Colleague: 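This is the structure, below, for whatever I ask next.
Numbering starts at 1 and runs along the sequence shown. All values reported here derive from a predicted model rather than from experimental measurement.
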Amino acid sequence: FIDDISQIKVHEGNINSDAKINGLFHIENGNLYYYHNGRKLVVRHLLFDEYQDFRRGQINIIKILTQYTPFTLSFDYLQTIYRNVKNTVEELVTKQNIELIKLNYSYRINSKILERLKYIVKIIRVISNESTRLGDLGLRELEEELIENAKAAITGSPIILESYENEKQLDEKLNKEFIILKNSYSVDEIVITAFFNDLYKNLSESESYHADDFSKSIRPCYKYVPTLKGKEFKAGLIVLDETICQMLNINMSIFIGK
């Protein structure tokens with residue numbers, strides 16, 4: 001079964017058999033047990049998913065638990081949220097002779113988008129070296145390396161850049177492309193998002209932020225870009241404004257990918 005262990009609790013030694021306990025790891029006589037819905041279960045295997053986001057206290061507890069049962073740690077350095085990812089799993093690999101399996105092919109992005117992403121990373125790196133302000137927007141070295149070495153398992157459709165010159169033209173082209181996508185995908189499979197001048201000053205805004213800037217017909221699919229982490233869609237439209245396009249040396253465009 002799957003359980004939320006954001007608050008991991010561990011007890012060593014005896015427990016009152018009449019106590020009503022839930023969500024507790026119990027170490028007893030060299031064995032590991034877990035209390036779930038009133039039952040005391042023997043732990044045969046542990047799978048910790050999203051391991052890159054565990055805090056130091058949680059990791060210290062996991063180190064204890066994994067001494068009593070086989071286990072698997074599933075993680076993706078590129079998706080870390082809370083902390084420096086360089087010390088995520090190496091300490092366990094070194095000390096416990098763990099087999100580390102690396103999945104080199106991404107099944108969450110197609111090769112055409114990945115190719116464009118690698119180009120954008122190169123542009124950001126150049127600009128970051130030239131400007132302190134833009135340098136704050138640059139990717140971490142580890143992320144750059146992961147993107148540059150990544151391979152995509154899906155070939156995918158070619159990326160389309162549809163240029164626009166003003167808001168009216170932008171709305172017309174967005175609606176046109178949105179209608180085309182809706183013929184092949186359901187609304188929840190399509191995402192529409194945008195980059196704006198104030199994007200990096202408003203990371204705490206809700207996903208409805210900027211929605212009023214777009215026509216009502218496409219708003220059901222609009223998502224504020226910082227809220228998109230971890231979400232997946234089959235097709236998308238990304239509005240690139242003048243500032244972003246200057247960075248990429250292209251005209252104001254709609255980025256269309258499937």
Colleague: I'd like to know if K118 and E148 make a salt bridge, using a cut-off of under 4.0 Å between side-chain N and carboxylate O.
Modeller: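 Between E148 and K118 there is no salt bridge, as every charged N stays at least 4.0 Å from the carboxylate O atoms.
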Colleague: I need the L32 CG to R44 CZ distance, nearest 0.5 Å.
Modeller: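 It is 11.0 Å, given to the nearest 0.5 Å.
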Colleague: Run L170 and L174 through side chain to side chain contact (heavy atoms under 4.5 Å, CB included) and show every step you take.
Modeller: CA-CA 6 Å; L170 171 61; L174 274 177; 3.9 Å; yes
Colleague: Quick one: closest heavy-atom pair of H45 and T72, and the distance?
Modeller: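 Smallest interatomic distance, heavy atoms only, reads NE2-OG1, 2.8 Å.
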Colleague: Ignoring hydrogens and geometry, is there a side-chain-to-backbone donor-acceptor pair from H26 to G13 under 3.5 Å?
Modeller: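 Yes, because the side chain of H26 sits within donor-acceptor range (under 3.5 Å) of the backbone of G13.
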Colleague: Okay, side chain of E115, backbone of K112: is any donor-acceptor separation there less than 3.5 Å?
Modeller: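 Here the side-chain-to-backbone pair does not exist.
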Colleague: Okay, side chain of T193, backbone of I238: is any donor-acceptor separation there less than 3.5 Å?
Modeller: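 Between the backbone of I238 and the side chain of T193 there is no qualifying donor-acceptor contact (under 3.5 Å).
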Colleague: Identify the two heavy atoms, one from I218 and one from F214, that lie closest to each other, and give their separation to 0.1 Å.
Modeller: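 Minimum heavy-atom contact is CD1-CB, 3.7 Å.
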Colleague: Report yes if the side chains of I250 and L161 come closer than 4.5 Å at any heavy-atom pair, otherwise no.
Modeller: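 In short, these two side chains touch, coming nearer than 4.5 Å.
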Colleague: Given E189, which partner from the list K231, K182, K234 fulfils the salt bridge (Lys or Arg N to Asp or Glu O under 4.0 Å) test?
Modeller: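 By the salt bridge (Lys or Arg N to Asp or Glu O under 4.0 Å) criterion, E189 pairs with just one of K231, K182, K234: K234.
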Colleague: Quick one: pull up OG1 in T66 and CD1 in I59 and give me the separation to the nearest 0.5 Å.
Modeller: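 Here the interatomic distance stands at 11.0 Å.
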Colleague: Heavy-atom distance under 4.5 Å between the side chains of S215 and N175, does that happen here?
Modeller: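 The answer is yes, as the side chains (C-beta and beyond) meet within the 4.5 Å cut-off.
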Colleague: Out of curiosity, does F255 fall in the hydrophobic cluster containing I109 (side-chain heavy atoms, cut-off under 4.5 Å, transitive links)?
Modeller: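 Yes, I109 and F255 fall within the same hydrophobic cluster.
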Colleague: More than 12 foreign heavy atoms under 6.0 Å from CG of N249: is that the case here?
Modeller: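 Incorrect, the count does not exceed 12.
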Colleague: When hydrophobic residues are tied together by side-chain contacts of less than 4.5 Å, even through go-betweens, does I179 share a cluster with I160?
Modeller: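 Unlinked, I179 and I160 end up in two clusters.
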Colleague: Test F233 against D188 for side chain to side chain contact (heavy atoms under 4.5 Å, CB included), laying out the working first.
Modeller: CA-CA 8 Å; F233 303 88; D188 60 356; over 6 Å; no
Colleague: Is there a donor-acceptor pair under 3.5 Å between the side chain of N251 and the backbone N or O of S163?
Modeller: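 Side chain of N251 to backbone of S163: no pair is present.
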Colleague: Looking at S184 and L181, would you say the former's side chain and the latter's main chain have a donor-acceptor pair under 3.5 Å?
Modeller: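 Side chain of S184 to backbone of L181, a donor-acceptor pair under 3.5 Å: no, none is there.
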Colleague: Linking I/L/V/M/F/W/Y whenever their side-chain heavy atoms sit closer than 4.5 Å, directly or via other members, would I27 and Y33 fall into one cluster?
Modeller: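 No, I27 does not connect to Y33 through the hydrophobic network.
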Colleague: Please say whether more than 12 non-hydrogen atoms of neighbouring residues, nucleotides or ligands are located less than 6.0 Å from CG in N14.
Modeller: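 Counting neighbours around CG of N14, 12 or fewer heavy atoms of other residues, nucleotides or ligands fall under 6.0 Å, so no.
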Colleague: For the hydrophobic clusters of this structure (ILVMFWY residues joined by side-chain heavy atoms under 4.5 Å, transitively), does one cluster hold both Y34 and Y68?
Modeller: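 Looking at the clustering, Y68 is in the same group as Y34.
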Colleague: Ignoring hydrogens, what is the shortest heavy-atom contact between S74 and D49? Give both atom names and the distance.
Modeller: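 Closest approach of S74 to D49: OG-OD1, 3.2 Å.
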Colleague: Tell me whether the count of non-hydrogen atoms from other residues, nucleotides or ligands lying under 6.0 Å of NZ in K151 goes above 12.
Modeller: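 Counting neighbours around NZ of K151, 12 or fewer heavy atoms of other residues, nucleotides or ligands fall under 6.0 Å, so no.
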Colleague: Is it the case that atom CD in Q169 sees more than 12 heavy atoms from other parts of the structure closer than 6.0 Å?
Modeller: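 Above 12, so yes.
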Colleague: Using the salt bridge (Lys or Arg N to Asp or Glu O under 4.0 Å) rule, collect all pairs that involve residues 215-228, keeping only residues at least two apart or in two chains.
Modeller: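 Residue pairs with at least one partner in residues 215-228: E207-K223, D212-R219.
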Colleague: On a heavy-atom basis, which atom in G257 and which in I159 lie closest, and how many Å separate them?
Modeller: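 Looks like CA-CD1, 4.0 Å.
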Colleague: Rounded to the nearest 0.5 Å, what separates atom OG in S157 from atom CD1 in I113?
Modeller: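 Answer for the OG-CD1 pair, S157 versus I113, is 9.0 Å.
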Colleague: May I ask you to decide whether K40 forms a salt bridge with E28, counting only side-chain N to carboxylate O separations under 4.0 Å?
Modeller: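 E28 and K40: salt-bridged.
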Colleague: Heavy atoms, side chains only, cut-off 4.5 Å: are L24 and N22 in contact?
Modeller: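 The answer is no, as the side chains (C-beta and beyond) never meet within the 4.5 Å cut-off.
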Colleague: Say you draw a straight line from CZ of F71 to CG of L47; how long is it, rounded to the nearest 0.5 Å?
Modeller: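 The distance works out to 11.5 Å.
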Colleague: Are F48 and Y51 near enough that their ring centres are under 6.0 Å apart?
Modeller: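 No.
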Colleague: Rounded to the nearest 0.5 Å, how far does CG of L240 lie from SG of C245?
Modeller: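 Atom-to-atom, C245:SG and L240:CG are 4.5 Å apart.
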Colleague: Given 3.5 Å as the limit, does a donor-acceptor pair link the side chain of K173 with the main chain of Y164, or not?
Modeller: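 No; judged by distance alone, with no hydrogens or angles, the pair does not exist.
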Colleague: Taking all non-hydrogen atoms of both residues, which atom of P220 and which atom of V187 are closest, and how far apart?
Modeller: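 Result for this residue pair: CB-CG1, 4.2 Å.
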Colleague: Following the transitive rule for hydrophobic clusters with a side-chain heavy-atom cut-off under 4.5 Å over Ile, Leu, Val, Met, Phe, Trp and Tyr, establish whether L46 and L41 coincide in one cluster.
Modeller: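 Same hydrophobic cluster.
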Colleague: Considering non-hydrogen atoms only, spot the tightest contact between A152 and N110 and give its length.
Modeller: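 Here A152 and N110 meet closest at CB-C, 3.7 Å.
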Colleague: Hey, what do you get for CD1 (I8) to CD1 (I61), rounding to the nearest 0.5 Å?
Modeller: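 So the gap between those two atoms works out to 5.5 Å.
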Colleague: Hey, is the main chain of Y224 close enough, under 3.5 Å, to the side chain of T227 for a donor-acceptor pair?
Modeller: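 Pair found, side chain donor or acceptor close to backbone of Y224.
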Colleague: With the side chain counted from C-beta on, respond yes when Y35 and I15 share a heavy-atom pair under 4.5 Å apart, and no when they do not.
Modeller: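 Result yes, sub-4.5 Å side-chain heavy-atom pair found.
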Colleague: Contact between Y222 and V191 at the side-chain level, heavy atoms closer than 4.5 Å - yes or no?
Modeller: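 Counting from C-beta outward, Y222 and V191 never come under 4.5 Å.
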